[in-house]
Every structure is written in structure tokens, then in C-alpha cells.
Amino acid sequence: MTDSPTPPNPSADDIRAEPAAELARARLLADVAALPGLPGVYRYFDAQDAVLYVGKARDLKKRVASYFQKNHGGTRIGHMVTKIVRLQTTVVRSEAEALLLENNLIKTLAPRYNILFRDDKSYPYLKIASHRFPRVAYYRGSVDQKHRYFGPFPSAWAVKESIQMLQKVFRLRTCEDTVFGNRTRPCLLYQIKRCSGPCVGFITPPDYARDVNNAERFLQGDQQELLDALQAQMMVHADALQFEQAAEIRNQIGALSRVLHQQAVEDNTGVTTKDADVIAVKVEGGRACVNLAMVRGGRHLGDRPYFPKHVEDAVVIGPDDDEGQERSAGPEVQVLEAFIAQHYLDGGAPPLLVLSQPVDKALIEALSLQSGSKVTAQHQPREPRRAWLDMCITGAQIKLAQLLAEEGSQQARTRALVDALDLDVGLGADHLDTFRIECFDVSHTAGEATQASCVVFEGHKMQSAQYRRYNIEGITGGDDYAAMRQVLTRRYAKIVEAINADAADVATGTSVRLPDLVLVDGGRGQVSMAREVFEELGIELSRIVGVEKGEGRKVGLEELVFADGRVKVSLGRDSAALMLVAQIRDEAHRFAITGMRARRASVRTGGGKLEEIAGVGPKKRAKLLQRFGGVRGVGQASVEDLLTVDGISKELAEEIYRVLH
């Protein structure tokens, strides 16, 4: 593949000057006219060199020219076209390559006018670990060839339910290898017939291996063959008058039959569908929901909703048809195709996709090429696949309705808080969408491991990616006022400096700005401390609000304390504004507590430093901790003291002393 030359980016002065703008537009149109009639990927850039849109084309010249030759009026496409300053194209060998490149660029560049899905490949798996007596376990992460993996599953609950089922039917162990290797008598799971007791030799390796093999066949969807094999084994034991063994297999067959009841998805020919994904999309109110239901080994494992971004700004131009002409594609189709491309083109597509909308054939062909096996898409299935698709569509509708209701509620809370505090943030929805609150809390244990948290609320929801923790040093233990002074100074001194220098946030490409509201968890004392910091930095005092606990510290009786001299406000137990304040305050408290506990644990255990020392294994570590009463005692021990521990040489004692000091 080759990249086309990129025209120089016009300066801001050129853009403002009308003749220069006309010249830049003429140069852009000349570049469009010079494009080849080959498959490829195109990118549009604005005056700030930000990527507006990434698209693919079977014929680059026809496709890109359609944006500039047609009158799009005041549509979103027209709005985007007016922003285009330059374009960049990449020619590839086939449409399948174009799909792959487009998908990778969308994930990397996150253009504003493309539909974006969160890149979430952390699906859980069910793992059967390699061992003389393999264990079944929940697993999340990259897979390897050493163990057997089954899935992916839509949720952790689905994996754990499957593990419980395997325990009931095949009685496979779930204990860690360290526990397994040190047991002298069977655990409770054996007593309740959820494990066959391999740890104490209650089952032979060949018999356990047979159960593992049967479990794998079940997970792969060979249920009927498995039932036939178990029935044959039961008859063999019965003929040999081994009635206890025959009864065990009979119970296993009964349990397996109950599990399989109404689990398989069959088509109209009676052929069981072992692996399939059922995908439904619903678009409403500028938001979209893609509901993904998974069928693995003939069992329906549950569903999982996805909510893409930029649906409202997405450019609705249909993909090319087989003759290279633009075909009609509604928002549901665009969302569905974006999901399939971003979700499956990296691999992992099942052999069958049951879809609520028809999609471009080239997309399914690219999936087949990428996965190395044929992938079939079906959007008008017959019973009972139709029933599964209908359930998936209903699920998408319900989850989208819940999202819209929740967002409406959050927007109402934001508006209620703005009105209650009489904040000047504008009356439009756009102003409310950018309304930003930062909340601070301080946490410690009797002065130990003091840590402050900052959580962010923006766009009517908590922005966890912007949360920050601050380790507080150089203060008297337990001095919450000094801790608050330190965290506020560290947080806002740099922002004020950046604002004065007219700098931009490099990470997000947006201008650095102060929050509209700063909440501190505390009353007049904490507010006074925040006031001092803001006065020193030259920040408006009206931004500071303290959350003071009410009478008897009861929830719902909190009062808001202001730094600019306004009278305290009591919003009332049922106030939507108070609900929002409580939500943000509680999140700051939770974030501070978890961070403080992690830091405290790190301090008390030496941060795992003993484990990092070469030559100090589990036995020597246990002896050291027992001898000195913990890591803190080991750290206070001299080299001579360390030498008194059995197995610790002088060189190792010196290394331990060096690492812990």
C-alpha cells in the first residue's frame, strides 16, 4: 500500500484570509480530482490538523469526489465538508485490505465523525489448566497454547455459572495447585459432590482424564455424542454388575440432560448451531445500543450491550454497492457495520452472525479472510433463531431506553444543581454538557498513608479516566487541613500557570480550563483552607463549595458551605441537586479510601520488596517474617541480625539490608 502526498497544512492566518482560503479550497479540489480509481482509505483533516473522518472506498476517486460534488446543505455531512482543509489517502490492493486499514485507523485516531466503540477485548474465558489433574478456572487476559480455553463469554457471571455446571456434572476440581498439592483430606466440595477428590487419590488419573475429556466435548457442543457415549459406558458397567459405577454415570446423564434442556439453538433443519453471535442494533434520540448475544457450544451464554460514541455526529453516507455506486444505509446499518468492523476484524469472529440488519457483503468476506474460516451472516433467520434475534432486539430496546432515562435523569440533576447554586453556565444543553465539577477528599488511617483524591464529573457523568490521587507528604499526620491545602495547590497551580501561558492540554488537544465547581468534603474549616489557596492563585472564590454533614451526620441533611460569603444552603432530602452532590462526594470518598488502603498495605508489607530480592524464596521469606515479626521488623534488622536466620548467608543479608534501606 502507498500513501499519497499530503498538501501542506494552511496556517491560521491563511484560513482567515478569504483569498488564501479560496486558494486552499482549490488545491483541495485539485487533489480530489487527481485521486486514482483504486480501492483505499481516505482521511479528512481540519484547520487544526485534527482528523475529522476516516472512510474506505472501492473507488477512491468516485467516493471522495461525492463529498465535494453534491450539495449536502445543512446536514452533518455538509457541516463536516466545510471544515475539511486537507485529505490524505492510502491505496491498497483490495477492499478487504481497505476494511482492515479503516478499522485500525478509526481505533487509533478516533475521528469525530466516525461511529466509535470502546475497544474492549477483555472478554472472560473458561480455562482448563494443564496438569495431571487439570483444574477448571475463570480466566481473563491473553490466551496461550499451554492450556485449553473456551469462550469468550459475555460476562464473568456466565463463566462462573458454566464452572458450577461442570462441577455438578463432571466434578472437576477448581482449587489452586498449591492447595491441591498440600491437602491430606478432601474439602467440602467433595462432600457435596462437586469434586471427585483427586487431591487425596479418590479417583484415578485415567478416570479423571475421562471426565475432563467429557467436559471439553460438552463445551465444544458435542452434547448428543457425549450423552450417547455416557449411556454406552453405563450399560458396560451394568453388564459387568458394577452397579455403583453405573449409578454414578446415570446421575451424570441426568444432570447433563437437565443442563441441556432448552439450551441449544437449532435451525429449521434441526442442525444445532454450536457457535454463533446474535447482534441487534437500536438507534433513538441520538444514541445507539448494540446488543451482542453469544451462543457457544450450542448454549446461549447471555448478552452484553455496547453504546457507541459520535452517533449523532456520524456521517451518514452509504457504502458503495457492487457496481461502485453509493447505496442507501440507515443509521442502524452504519452502527452495525461499525460494530462488526471494530469488534471482529482483529479476529475472533464465530462462523455464524445472526443480524438485525443486512450489512455489506464485502465486510463479511473480509471477516472470513481475516479469521481464516468462512463466516456467514444471516439477517432474516427462521425459527427458532428468529426467537433468539427477537429477544436480542428487545434487549437492545430495553437497554437503550434505560440509558436514555438515566442520561435524562443525570441532565436533570445537573440542571437542578446549577439552578440551586445560581451558577452562570448558560441556559443551553451545550453549556450543561461541558459543566465540570471536581471533588476532593482526604483519607488516612490515624495519620498513616495520607492520600487525597480528585474525582471529575463532566458531561452528566463521572469521568473515571480523569480521576487523580495525590500522596500527601511533609505534613503532620492527621492534619486534614494541611493535606487539603497541599492537594489544591498541586492541582490548580499548574492549571493557572497554563491558562496564563495560553497553553493547551497535550493529552486531549483541548484548552486547559478550571472546573466550574470545586467540591471539598468538609465544612467551614476545609472551605477556609480552599479559600486561602484560591486567593493565592487568583481564582474566583465562587467556584468553591464545601459539603458539610448535617445534624447527627445523617444522610440527606448535608448543607453546602460557600467560600465567597454566601449563606449556607440546605437543599432538602429529596433534592435532585443534593443527590448529585452526594453521588460525587461518595465517589470521591470511595476513590480516596481505596487508594489509601492500597498505599497503607504497600507501606506495611514493604511494597513487595522481599519478594523482589533474588535468593529469597517463600521459605526464607517466611523465616524472616516469623523471626522479626513482619516486613517492618526485617527492615529494622541489621546485617548481623539477619545472619541469625537459618539459610541467610552474609551476601544475602547484605542484599536484603540494601534493598530495604
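Model, not experiment: these values are computed from the prediction.
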Problem set entry | Minimum heavy-atom distance Arg543-Pro515, with the two atoms named | NH1-O, 2.5 Å
Exercise. Within 45 degrees of the axis of the six-membered ring of Phe534 and under 6.0 Å from its centre: does Arg531 put its NZ or CZ there?
Worked result: no
Problem set entry | Ring centres under 6.0 angstrom apart (Tyr467, Phe591) | yes
Exercise. In terms of side-chain heavy atoms, does Tyr470 have a donor or acceptor partner in Arg468 at a distance below 3.5 Å?
Worked result: no
Problem set entry | Under-4.0 Å salt bridge between Glu548 and Arg524 | no
Problem set entry | Closest heavy-atom pair and its distance - Ala416, Ala576 | CB-CB, 3.9 Å
Exercise. Any side-chain heavy-atom pair from Val51 and Phe45 closer than 4.5 angstrom?
Worked result: yes
Exercise. Do Gln486 and Ile475 have side chains that get closer than 4.5 Å, going by heavy atoms?
Worked result: yes
For this session: Indicate yes or no: at least one non-hydrogen side-chain atom of Gln167 is less than 4.5 angstrom from one of Leu189.
Result: yes
Problem set entry | From Ile115 atom CD1 to Ile106 atom CD1, the distance as rounded to the nearest 0.5 Å | 9.0 Å
Problem set entry | Asp586/Arg590 ion pair, N-O < 4.0 Å | no
For this session: For Ser356 and Ala280, work out which heavy atoms get closest and say how close.
Result: OG-CA, 3.4 Å
Problem set entry | Check: Phe457 and Gln410 side chains under 4.5 Å, non-hydrogen atoms | yes
Problem set entry | Distance in Å, Met579 CE paired with Ile584 CD1, rounded so as to fall on 0.5 Å steps | 14.0 Å
For this session: Report yes if the side chains of Gln164 and Arg194 come closer than 4.5 Å at any heavy-atom pair, otherwise no.
Result: no
Exercise. Is NZ or CZ of Lys127 both nearer than 6.0 Å to the six-membered ring centre of Phe150 and within 45° of the ring axis?
Worked result: no
Seminar exercise, completed: Exactly one candidate in Arg43, Arg112, Met80 meets side-chain contact (heavy atoms from CB on, under 4.5 Å) with Tyr53; the answer is Met80
Exercise. Do Gln583 and Met462 have side chains that get closer than 4.5 Å, going by heavy atoms?
Worked result: yes
For this session: Measure the shortest side-chain to side-chain distance between Leu624 and Ile656 over non-hydrogen atoms and say whether it is less than 4.5 angstrom.
Result: yes
Exercise. Are the charged groups of Arg485 and Glu536 less than 4.0 angstrom apart, N to O?
Worked result: yes
Exercise. Is any side-chain N of the basic residue among Glu497 and Lys494 closer than 4.0 Å to the acidic one's carboxylate O?
Worked result: no
Exercise. Would Glu284 and Lys399 pass as an ion pair if we require N to O under 4.0 Å?
Worked result: no
Exercise. Is there a side-chain hydrogen bond (donor to acceptor under 3.5 Å, both in side chains) between Arg469 and Thr594 once you walk through the steps?
Worked result: CA-CA 10 Å; Arg469 290 192 178 103; Thr594 55; 2.9 Å; yes
For this session: Decide, yes or no, whether a salt bridge links Glu438 with Arg436 under the criterion of side-chain N to carboxylate O below 4.0 Å.
Result: yes
Problem set entry | Donor + acceptor pair across side chains of Gln342, Asn103 (<3.5 Å) | no
Exercise. NZ of Lys309: more than 12 outside heavy atoms within 6.0 angstrom?
Worked result: no
Exercise. Of all heavy-atom pairs between Leu116 and Pro111, which one has the smallest distance, and what is that distance?
Worked result: CD1-O, 3.8 Å
Exercise. Less than 4.5 Å apart, any side-chain heavy atom of Ile544 and any of Phe562?
Worked result: no
Exercise. For the side-chain contact (heavy atoms from CB on, under 4.5 Å) test, which of Ile593, Val455, Asp521 pairs with Asp441?
Worked result: Asp521
For this session: Determine, using ring centers only, whether Phe117 and Tyr344 are less than 6.0 Å apart.
Result: no
Exercise. Got a second to check how far Cys454's SG is from Arg490's CZ, nearest 0.5 Å?
Worked result: 12.0 Å
